[in-house]
There are 2 protein chains.
Amino acid sequence: MGGTGHTRFGRLREGLVELLAAASREALGDGRRGVDALFLGTQGVPGCVNAGAKLADALGIEPVPAFRVETASSSGAAALHAAWCGVASGRYGRVLVAAGERMSGLDTPHATALLADVLHPYEVRAGATMPALAALAVREYMARYGLSREALSAVAVKNHANGVLNPLAHFQKSVTAEEVAAARPVATPLTLLDCAPLSDGACAAVLDGGAGDIVVAGIGAGTDALALHEREDPTTMGATRAAARAAYEMAHLTRKEVDVAEVHDAFTILEIIATEDVGLFGPGDGGRAVERGITAPGGALPVNPSGGLKARGHPVGASGLAQVVELARQLRGEAGKRQIDGASVGLAQSTGGFGSCNLVTLLRRAG
Amino acid sequence: MGGTGHTRFGRLREGLVELLAAASREALGDGRRGVDALFLGTQGVPGCVNAGAKLADALGIEPVPAFRVETASSSGAAALHAAWCGVASGRYGRVLVAAGERMSGLDTPHATALLADVLHPYEVRAGATMPALAALAVREYMARYGLSREALSAVAVKNHANGVLNPLAHFQKSVTAEEVAAARPVATPLTLLDCAPLSDGACAAVLDGGAGDIVVAGIGAGTDALALHEREDPTTMGATRAAARAAYEMAHLTRKEVDVAEVHDAFTILEIIATEDVGLFGPGDGGRAVERGITAPGGALPVNPSGGLKARGHPVGASGLAQVVELARQLRGEAGKRQIDGASVGLAQSTGGFGSCNLVTLLRRAG
């Protein structure tokens, strides 16, 4: 892997293509001319067709081939996945991957409706939204494993504390467990502070055929039944389990070798479920791991040192690639005040839709 | 390449995912269980997010990885391109490629606006639409090369005659040159019969790692300045030229070895430009080739034997893959009444946006 780029996340002035171009220029540095192809991830909230060509045009790199890859909120990870295939196939040498979203002009009801387009039409007609489904999952999880409100809040408290150390984060402001529990209800028991914000932002990375100090060691993807009620168990995501299995197998790595992880915490419960589904903790143990500080920056297995979607922000299509950029910077020792020392293997887990299209990416330091 | 699938194109009852599932089932035949990944092309007119997972769910093949690829009206070709990379990289063995669009519920002004989203915002603000840009190109082409109204009409006449022989075509009805010239004006000099229709439909193909009687010998893609007025010459598309160069080089084939072609005739002038840009005819010679019958089914170099976008129909995201399905069927001798005998190399050219994101695919008979 080569250079990386990452705009500030938050409520920004620039449009989507400008954000993507800024992150891309940072990732390319002086090497703008040597790009063989561009893979772009964006969900399109609101719609953004032909964004690959639009970014190639903004960068002035045409006639370089450009492709948009879309898997809902995991689009950034999917773009990296497709780009990796482009390089490994021998078709392309040096590939730019970019991902971004512009959401902050939308009012909340409109954004909520657009974000629900990724769900099963039956669910949407019945009134389901992303937070509503997350609330169903957390209630079942609480009933089955005795998860407490305090454990959920601990996810938000940790990720906001991490965000304070990340100058690119949407929220650089700590919160207390009491504030999380007392915040405005969104879908009981989830409050506003259990939910990631609507953000603008973009990020980028260059893949250069195995050269460089960081290797994309494993990529995995998986799907699941679209409707939550058609799955056997709402407290786990089959798409993540399949993606993780594929990524570990490809990388010849096991969960025990993971030093740091970035996972999809669009809602606090999802961080807990994701860390279990990628095998870092057993079923029902993810909440306790947060409460015991195991996933804090100083703990045995730091999760979301960037602040996660919760505090770094969640420009939906960007988040899956932002995780990978964060890990690359961690493994390179470029993470500043939030640096996890000595990390050599990083895992990124990204959720598309409500767990219907998820990806896992493993990075390791070369040599 | 393995099996192929192709629904009827036209004004259909089914929704997008149903159409995609029908084409996919036809392509997979009895081999539904052995798919390692799914690559789906759709422009999304109107928007269709997370369509990869939606199709995996409809086929019941989850947790198989699923990716949507979008490059405007060339999305079907882009999905094949990305899928080829997935197989050639070794990440996936047997891959399903599907592409489709559902457009016929839209009223024309709404559809025209949605289709213009792929253009440069400056152009759109100035009132540009796809037909308007095609009219600019045809006027310049006529002035420079002396192209006649009759030559333009000959494209529509030929492709409608081909459509009569294609039981899957949207239009199975011949037209005369007089009818084309006298049809309702859309953007002078283009009439309604110079324009492809808004269609519903889907198609699919299976890639199986080089096995099979048909080989994807070359894939190429290219981009161009987004705004037509920023290009040096509106009578040629740099994105097609770049894509064709890459595809020929990869396939170790030259334009002289092409036996049959399917090109993007969303407007009659675009067929003429495309056949020149892929090197089948010299600049300014494409119109004469049509008038002389060279591109007719019995001619030296048949173009759009399926009926093309003009008569087969143009469910935008589907068209780039429908071309490849047609060529595979031609090379296999499965094209029924429209069979081009003895073809062993086929070329498909697909245009995304107004030439900002184009692809070329070369198929050849194995052995």
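Here is how names work: the chains are called A, B, and so on, in the same order as the sequence lines, proteins then strands, and each is numbered from 1.
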*asked:* Checking the side chain of B/K54 only, and the main-chain atoms of B/L16 only, is there a donor and an acceptor separated by less than 3.5 Å?
replied: no
*Verify, without hydrogens or angle tests, whether B/D277 (side chain) and B/T236 (backbone) share a donor-acceptor contact under 3.5 angstrom.*
no
*Do A/D200 and A/E101 have side chains that get closer than 4.5 Å, going by heavy atoms?*
no
_Counting only non-hydrogen atoms closer than 4.5 Å, does B/L359 touch chain A with its backbone (N, CA, C, O), its side chain (CB onward), both, or neither?_
side chain
*Measure across B/S73 and B/T351 and return the closest heavy-atom pair with its distance rounded to 0.1 Å.*
OG-O, 2.7 Å
*asked:* How about CD on A/E249, more than 12 heavy atoms from neighbouring residues, nucleotides or ligands closer than 6.0 Å, or not?
replied: no
_Under the rule for side-chain contact (heavy atoms from CB on, under 4.5 Å), what residues qualify as partners of A/A72, not counting sequence neighbours?_
A/Q43, A/E70, A/V118, B/N50
_Partner residues of A/R364 under the salt bridge (Lys or Arg N to Asp or Glu O under 4.0 Å) criterion, sequence neighbours left out_ = none
*Please state whether the side chain, the backbone, both or neither of B/A66 comes within less than 4.5 Å of a heavy atom of chain A.*
both
*asked:* Using only non-hydrogen atoms and a strict under-4.5 angstrom cutoff, which residues of residues 240-248 of chain A touch chain B?
replied: A/A242, A/A246, A/A247
_Interface moiety of B/Y92 toward chain A, non-hydrogen atoms closer than 4.5 Å_ = side chain
_Give me the atom names and distance for the closest heavy-atom approach of A/I219 to A/W84._
CD1-CE3, 3.5 Å
*With respect to chain A, which residue among B/A88, B/G353, B/A221, B/S356 yields the maximal number of heavy-atom pairs within a distance under 4.5 Å?*
B/A221
*Considering non-hydrogen atoms only, spot the tightest contact between A/M1 and A/D208 and give its length.*
N-OD1, 3.5 Å
*Hey, do the aromatic rings of B/H229 and B/H120 have their centres closer than 6.0 Å?*
no
*Counting N and O atoms only, with roles assigned by atom type, does the side chain of B/R102 sit under 3.5 Å from a partner on the main chain of B/E14, one being a donor and the other an acceptor?*
yes
*A/R68 (side chain) donor-acceptor with A/C48 (main chain) under 3.5 angstrom*: yes
_Between A/C357, A/A82, A/A225, who has the most heavy-atom pairs with chain B when the cutoff is under 4.5 Å?_
A/A225
_Suppose a student defines contact as a heavy atom less than 4.5 Å from any heavy atom of chain B. Which residues in residues 74-81 of chain A would they list?_
A/A78, A/H81
